[in-house]
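Below: one structure, written as structure tokens.
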Amino acid sequence: MLKLFNTLTGRQEVFEPIEPNKVRMYVCGVTVYDYCHIGHARSALVFDVLRRYLESCGYNVTFVKNFTDVDDKIIKRANEHRVSCDAVTTKYIQAYHEDMGKLGVRVATEEPKATEHIADIIQLTERLVAKGLAYAVEGDVYFEVAKYQEYGRLSKRRLEDLQAGARVDVDERKRHPMDFALWKSSKPGEPAWESPWGLGRPGWHIECSAMSMQHLGETFDIHGGGMDLIFPHHENEIAQSCGATGKEFARYWVHNGFVQINQEKMSKSLGNFFTIREIFEKSAWSEEVTGEILRYFLLSTHYHSPVDFSDQALKEAKQALNGFYDLFNRLNEPSRSSGGDRDALQAAVERTRKSFGQAMDDDLNTSAALAAFQGLRSEVNKLLGPGLSAEDQRRVREEFRALGNNLGLFQLDRWDFNVRIEPQPAHLVLTTFAPTVTIEAAMTNAQIEAKLAERIDAKKCKDFQRADAIREELRSLGITIEDKPDGTSRWKR
RNA sequence: GGCGCCGUACCCAAGUGGUAAGGGAGCAGUCUGCAAAACUGCGAUGCAGCGGUUCGAACCCGCUCGGCGCCUCCA
């Protein structure tokens with residue numbers, strides 16, 4: 001039984017969908033005016049995992065994630081670069097898919113854009129005006145927060161408190177300082193659509209209400225996003241949606257915590273952010289990072305807590321993954337035993353399934369879930385001492401893959417994520433590791449195998465100096481050799 | 001001023017009333033030609049501090065200290 005922390009009630013609650021076996025969820029995506037940073041990655045990842053887990057629990061999940069493709073920041077960016085808004089949004093939507101693809105974030109069921117739903121937005125705005133919850137002034141339309149009695153119930157704020165703390169310049173035309181724009185009149189040269197209030201464009205909050213209603217209905221199961229969206233974005237969505245329909249909007253509100261740098265929120269305004277691609281492209285980071293490493297790192301903390309991003313944290317994630325792929329390499333090798341302790345293996349697998357499920361059911365406790373994997377890794381390593389049958393080796397590898405799929409981990413065939421980038425072009429070989437990056441490797445697999453064969457010969461002749469030299473040569477290229485008891489060796493990048 | 005979050009070993013991190021998971025690093029050992037990997041052993045008498053409730057508290061309550069977030073665009 002999955003329990004989720006619901007921001008709306010401030011409690012953990014058992015998740016029960018409106019329709020049995022069906023889950024409808026909406027997550028606020030990004031405003032496409034720049035590359036995504038790790039904070040965006042975390043949010044996307046958390047809900048990707050939630051979606052995967054719900055699916056593996058047997059639910060049919062409709063997952064909607066929007067792109068905000070009309071916005072002040074986009075207009076600003078377009079003007080700066082003297083290109084159209086469309087050029088900006090197209091570029092960054094594509095970049096989003098590339099970056100998230102490398103992270104192994106699956107594409108949502110629907111990924112609507114605000115500009116594709118202008119008619120729905122206008123309709124919803126008209127509905128709010130007709131109900132007396134919104135008013136038009138000089139081509140702008142505002143939602144009147146005082147008319148929605150429950151305003152503040154998500155963020156646990158009272159209108160009076162907000163008023164006291166408001167630091168914004170008050171627009172004289174607004175009836176209440178917290179009233180927010182549903183529709184904005186446009187200046188010449190800005191993207192604009194015909195509306196009952198003249199040429200204009202939608203405000204930020206209304207698009208999510210319009211699109212979620214369109215794709216998921218007036219009431220749906222889960223609404224997610226980053227903590228910073230609780231107020232005012234999600235609060236406003238609730239006001240708009242519930243105001244218009246008179247029905248509950250979303251039943252479970254799930255919010256992920258921030259990625260921090262040195263204990264501080266990572267954000268554009270603080271200038272302390274890292275984009276996903278700069279991490280993949282190495283830049284300041286001394287070691288190569290793949291999607292799976294970043295994924296492992298981000299999942300090693302519970303989604304609700306802040307997670308501190310650092311070079312060391314990334315290294316630790318990488319090391320932890322190394323351990324798993326070392327085991328998978330062993331499991332991929334020919335079995336040395338026909339029997340092995342099958343019962344013990346079966347028991348370990350069942351224990352892991354159970355603790356993994358319990359961890360995930362407990363508000364997606366991914367750190368505990370990873371601990372379950374670590375436990376299995378240790379037990380299987382022990383059982384591999386005496387040896388396991390070929391079938392058991394295959395089965396337990398599949399178990400890691402199947403269970404790991406919930407987290408988007410352990411899907412690669414072999415440990416190829418530690419590829420070293422060598423500066424000599426003559427040796428460069430492009431290697432692709434879906435769902436990771438394409439990077440340049442110093443040696444092809446065949447070249448490595450040849451070196452390995454050479455070294456095994458040297459070892460047979462007791463020419464350890466030669467054997468060590470070859471090992472050292474490969475090591476300098478980032479390739480590690482492990483000798484097995486039978487005289488052969490395995491290697492990894 | 002209002003609302004809220006966090007503080008667990010050298011590091012990361014679970015646990016939220018029943019007597020401190022897990023991982024990494026470190027040290028010692030087994031194995032190995034040497035390594036690597038794996039395995040074994042060692043590591044918080046204590047969970048920021050101080051009080052309180054309780055048979056029992058890291059977990060509940062109060063206060064204090066330290067760090068952070070939201071109230072303005074923000075994942």
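Within every chain, numbering begins at 1; the chains are lettered A, B, ... in the order of the sequence lines, protein sequences first and strands thereafter.
Cation-pi geometry between A/Arg42 and A/Tyr303 is not met at under 6.0 angstrom from the ring centre and within 45 degrees of the axis.
A/Gly225 comes within contact range of the sugar-phosphate backbone alone, with a heavy-atom separation under 4.0 Å but no base atom that close. Base contact: A/Glu316 has a heavy atom under 4.0 Å from a base atom. When heavy atoms are screened at a 4.0 angstrom cut-off, A/Met266 is found touching base atoms of the nucleic acid. Residue-level contact check: A/Lys156 touches the backbone only, with heavy atoms under 4.0 Å from sugar-phosphate atoms and none from bases. Here A/Gly257 lies in heavy-atom contact (under 4.0 Å) with a base.
Scanning all heavy atoms of the two residues, the minimum distance from A/Leu299 to A/Thr366 falls at O-OG1, 2.7 Å.
Side chains of A/Ser209 and A/Ser241: a donor on one and an acceptor on the other come within 3.5 Å.
Here B/A14 is the nucleotide among B/G23, B/A14, B/A75 with the atom lying nearest to any side-chain atom of A/Thr301. Between B/C68, B/C70, B/C11, one nucleotide has an atom nearer to the side chain of A/Arg157 than all others, and that is B/C70.
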Tabulated below should be each protein N or O lying under 3.5 Å from an N or O of nucleotides 6-9 of chain B; please produce it.
none

Between the protein and nucleotides 15-21 of chain B, list every N/O to N/O distance that falls short of 3.5 Å.
residue: B/G15; atom: OP1; partner: A/Asn365; partner atom: ND2; Å: 2.8

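When the salt bridge (Lys or Arg N to Asp or Glu O under 4.0 Å) test is applied to A/Lys462, no partner is found at least two apart in sequence or on another chain. Residues satisfying the side-chain hydrogen bond (donor to acceptor under 3.5 Å, both in side chains) test with A/Thr352, not counting sequence neighbours, are none. Contacts of A/Asn6 classified as side-chain hydrogen bond (donor to acceptor under 3.5 Å, both in side chains), with partners at least two apart in sequence or in another chain: A/Glu13. Every residue two or more places apart in sequence or in another chain that forms a side-chain hydrogen bond (donor to acceptor under 3.5 Å, both in side chains) with A/Tyr142 is listed here: A/Asp171, A/Arg173. Taking A/Glu237 as the reference, A/His223, A/His233 meet the side-chain hydrogen bond (donor to acceptor under 3.5 Å, both in side chains) condition, with sequence neighbours excluded.
For the C1' atoms, the distance linking B/A21 with B/G43 amounts to 15 Å, nearest Å.
Using cut-offs of 30° and 60° for the angle between ring planes, the A/Phe400 and A/Phe410 rings count as perpendicular. Relative orientation of the A/Phe273 and A/His37 rings is tilted, given thresholds of 30° and 60° on the angle between their planes.
A/Val70 is not listed as a side-chain neighbour of A/Lys113, based on a closest heavy-atom distance of 4.5 Å or more. At a threshold of 4.5 Å between non-hydrogen side-chain atoms, the residues A/Leu409 and A/Phe324 do not count as touching.
Distances shown here put every side-chain N or O of A/Gln260 at or beyond 4.0 Å from the OP1 or OP2 atom of B/C68.
For NZ of A/Lys484, the number of neighbouring non-hydrogen atoms (other residues, nucleotides, ligands) closer than 6.0 Å is greater than 12.
Listed in residue order, the members of residues 32-47 of chain A having a heavy atom less than 4.0 Å from RNA chain B are A/His37, A/Gly39, A/His40, A/Ser43. Listed by residue number, there are no residues of residues 64-71 of chain A with a heavy-atom contact under 4.0 Å to RNA chain B.
Annotation: A/Phe297 is in aromatic contact with A/Phe309 [ring centroid separation under 6.0 Å]. Remark: aromatic rings of A/Phe249 and A/His234 are distant, center separation not under 6.0 Å.
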Check: residues 74-81 of chain A side-chain donor-acceptor pairs under 3.5 Å, at least two apart:
residue: A/Arg77; atom: NH1; partner: A/Tyr33; partner atom: O; Å: 3.3
residue: A/Asn79; atom: ND2; partner: A/Ile75; partner atom: O; Å: 3.4
residue: A/His81; atom: ND1; partner: A/Arg77; partner atom: O; Å: 3.2

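Taking a pair as Watson-Crick or G-U wobble with both distances under 3.5 Å, RNA chain B forms stems of 3 or more consecutive pairs at B:1-7 with B:65-71, B:10-12 with B:22-24, B:26-30 with B:38-42, B:48-52 with B:60-64.
Toward the 5′ end of RNA chain B lies the nearest nucleotide of A/Val307, the other residue of the pair A/Tyr296 and A/Val307 mapping further downstream.
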Taking protein heavy atoms under 4.0 Å as touching, what does nucleotides 26-41 of chain B look like 5' to 3' if B marks base contact, S marks sugar-phosphate-only contact and - marks none?
-------BBBBSSSS-
